[in-house]
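Encoded as structure tokens, the structure appears first; notes follow it.
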Amino acid sequence: MPSTFYLIGIPVLEDLGFLTSISFCILYVFAIVGNSLMVYIIWTEKNLHGPMFFFLAMLAVNDLAFSSSTVPKMLGIFWLNDCGIEASACLTQMFFVHFLSVVESGVLAAMAYDRYIAICSPLRYTSILTYAVLERIAASILVRAFITIFPIPVLVGRLHYCGDDVVLHSYCEHMAVVNVACGDTRVNSIYGLVLSLSITGFDLIFIGLSYTMILRAIFRLQSRDARYKAVGTCGSHICVIIAAYLPGIFSFVTYRFGQKTIPHGVHIFLANIYIVFPAFLNPIIYGVKTKQIRACVWKMLQIKQKVYKDLRTTYGRTQEDLK
């Protein structure tokens with residue numbers, strides 16, 4: 001392998017480099033602040049120590065790591081023209097990008113199961129999803145991601161490179177690095193394709209089956225208010241699923257089957273949107289749709305306002321005493 005690879009950023013937007021970088025920087029900052037606030041609220045508020053918020057905290061932590069694995073380097077390309085990345089760092093970034101993508105998909109599937117138990121078996125909700133069960137689910141999500149993704153950088157590291165060290169991407173995406181290699185890369189291509197289809201397909205089928213059972217349970221409810229309440233509890237999760245899967249599936253399909261019809265820069269742009277946009281959107285969706293989180297945020301704002309008011313009062317008294 002070459003000692004250093006060189007990334008190209010987002011070539012389709014190179015004329016709007018400053019505006020693009022500022023836009024991604026704003027999304028990234030809001031993603032970091034929003035997800036950090038989400039984790040802090042769930043960690044400190046004991047009434048939020050339940051199964052749904054356990055998975056929500058796991059999703060927030062994953063979004064923090066996912067966006068941080070690519071955006072800082074991309075901003076370095078835009079602002080500092082720092083296109084180089086060492087081969088070992090490239091393989092490390094490749095592992096974490098795909099590892100965290102699989103973890104996110106697994107967390108969304110687990111959240112669908114959580115909603116299924118909450119609506120279809122509400123009286124047994126806490127007895128089924130105990131902390132021991134939640135820990136096993138979280139461990140299985142992480143182990144599945146590690147086992148399936150670890151071979152990717154190993155296979156890429158075994159390829160031969162014939163002097164070309166320019167990766168046509170803004171980060172070390174698996175197939176973008178494979179395309180730099182010379183020789184037979186069929187194993188990498190087949191493994192990446194099978195892995196993407198199997199993991200995404202399994203999780204989407206699981207989510208679809210969960211929501212099919214949820215809809216059957218909702219339509220059996222006699223009260224219209226109960227139906228609206230049940231739908232409302234699932235609304236946030238459905239929005240997050242759409243925000244997470246839609247850009248990813250579109251990016252995957254266009255990259256695999258639209259090479260000749262869609263400019264390569266569009267593929268890169270969609271791949272970056274797939275990473276940073278859900279991380280930016282998820283805290284907003286859950287902050288708006290979840291009553292408990294809204295109440296906690298409002299409580300924090302009221303406490304800060306009271307502290308600020310007390311400080312102003314104390315400062316005013318101090319000034320009067322000095323006079």
Side-chain angles (χ1 to χ4, degrees), residues 24 27-43 48-74 92-115 129 131 133-150 152-153 171-174 195-196 199-200 202-204 206-207 236-249 251-252 271-287 289-290 293:
F24 274 103
L27 290 176
Y28 178 62
V29 170
F30 275 100
I32 294 296
V33 173
N35 286 288
S36 299
L37 182 62
M38 191 78 67
V39 173
Y40 174 77
I41 290 173
I42 295 173
W43 181 270
L48 299 183
H49 291 180
M52 183 182 81
F53 296 102
F54 174 85
F55 292 124
L56 183 55
M58 193 173 176
L59 181 66
V61 171
N62 190 77
D63 283 338
L64 284 169
F66 200 11
S67 57
S68 298
S69 65
T70 61
V71 176
K73 180 60 181 178
M74 183 182 63
T92 302
Q93 185 188 53
M94 181 188 303
F95 170 77
F96 279 106
V97 165
H98 296 288
F99 171 81
L100 295 168
S101 177
V102 175
V103 169
E104 178 149 354
S105 183
V107 173
L108 292 176
M111 293 173 76
Y113 177 68
D114 167 78
R115 292 299 85 203
L129 293 177
Y131 281 110
V133 172
L134 295 177
E135 290 173 356
R136 285 197 291 269
I137 292 174
S140 64
I141 291 172
L142 296 174
V143 170
R144 181 188 74 157
F146 181 83
I147 291 174
T148 54
I149 297 303
F150 183 74
I152 287 180
Y171 60 87
C172 290
E173 195 270 338
H174 174 219
L195 193 66
S196 299
I199 290 178
T200 305
F202 174 81
D203 288 345
L204 284 176
F206 184 84
I207 291 170
S236 302
H237 186 232
I238 293 173
C239 293
V240 169
I241 290 173
I242 294 172
Y245 279 109
L246 193 59
I249 292 174
S251 175
F252 172 80
N272 283 279
I273 287 294
Y274 161 67
I275 292 176
V276 72
F277 188 68
F280 158 76
L281 200 59
N282 290 349
I284 297 175
I285 292 174
Y286 279 103
K289 298 285 290 184
T290 308
I293 293 179

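Worth saying up front: this structure is predicted, and the values here are computed from it rather than measured.
- Here the straight-line distance linking atom CZ of F55 with atom CG of L134 works out to 5.0 Å at 0.5 Å rounding.
- Annotation for I149 and P153: closest pair O-CD, 3.2 Å, computed over non-hydrogen atoms.
- Taking CD1 from I275 and CD from E104, the interatomic distance works out to 10.0 Å, rounded to the nearest 0.5 Å.
- The two residues V71 and F24 make their nearest non-hydrogen contact at CG1-O, 4.4 Å.
- You'll find the side chain of V61 reaches within 4.5 Å of the side chain of V39, heavy atoms only.
- Residues L129 and F54 are not in side-chain contact: their nearest non-hydrogen atoms beyond the backbone lie 4.5 Å or more apart.
- Residues D203 and A109 share a closest heavy-atom pair of OD1-CB, 4.1 Å.
- Between the side chain of S105 and the backbone N or O of V102, no donor-acceptor pair lies under 3.5 Å.
- N282 places a side-chain N or O within 3.5 Å of a backbone atom of P278 that can act as its donor or acceptor partner.
- Here the side chain of H98 pairs a donor or acceptor atom with the backbone of H174 at under 3.5 angstrom.
- Between W43 and H49 the shortest heavy-atom distance is O-NE2, 3.2 Å.
- Panel note: side chain S101, backbone V97; no donor-acceptor pair is recorded below 3.5 Å.
- Checked by atom type and distance alone, the side chain of Q93 pairs as donor or acceptor with a backbone atom of S69 at under 3.5 Å.
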**OP:** Go through the steps to decide whether S68 and I32 satisfy the test side-chain contact (heavy atoms from CB on, under 4.5 Å), and finish with yes or no.
**Re:** CA-CA 9 Å; S68 298; I32 294 296; 3.7 Å; yes

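- Side-chain contact check for F30 versus P283: every heavy-atom pair is 4.5 Å or farther apart.
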Subject >> Trace of the side-chain contact (heavy atoms from CB on, under 4.5 Å) decision for L59 with M38 >> reply: CA-CA 10 Å; L59 181 66; M38 191 78 67; over 6 Å; no

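- Using a 30° and 60° split on the angle between ring planes, F206 and Y113 fall in the tilted class, from 30° to 60°.
- Panel note: side chain S36, backbone V33; no donor-acceptor pair is recorded below 3.5 Å.
- Taking the six-membered ring where the residue is Trp, F277 and F280 present tilted rings, their angle falling between 30° and 60°.
- From I141, atom CD1 reaches atom CG of L108 across 9.0 Å, with rounding to the nearest 0.5 Å.
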**OP:** Could you go through the side-chain contact (heavy atoms from CB on, under 4.5 Å) check for F53 and I41 one step at a time?
**Re:** CA-CA 10 Å; F53 296 102; I41 290 173; over 6 Å; no

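- The closest side-chain heavy-atom distance from L56 to L48 is not below 4.5 Å.
- Contact record, P51 with D114: CB-OD1, 3.5 Å, taken as the closest heavy-atom pair.
- By the neighbour-count criterion of 12 heavy atoms within 6.0 Å, atom CZ of F96 is sparsely surrounded, having that number or fewer from other residues, nucleotides or ligands.
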Subject >> From CA spacing to verdict: side-chain contact (heavy atoms from CB on, under 4.5 Å), M111, V240 >> reply: CA-CA 10 Å; M111 293 173 76; V240 169; 5.8 Å; no

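- If you take CD1 on I42 and CE on M52, they are separated by 8.0 Å, rounding to the nearest 0.5 Å.
- I137 and A110 get closest at one heavy-atom pair: CG2-CB, 3.9 Å.
- The shortest distance between side-chain heavy atoms of F99 and L142 falls below 4.5 Å.
- Rounding to the nearest 0.5 angstrom, the gap separating the OG1 atom in T200 from the CG atom in L195 is 8.5 Å.
- With contacts defined as side-chain heavy-atom distances shorter than 4.5 Å, the pair F202/R144 qualifies.
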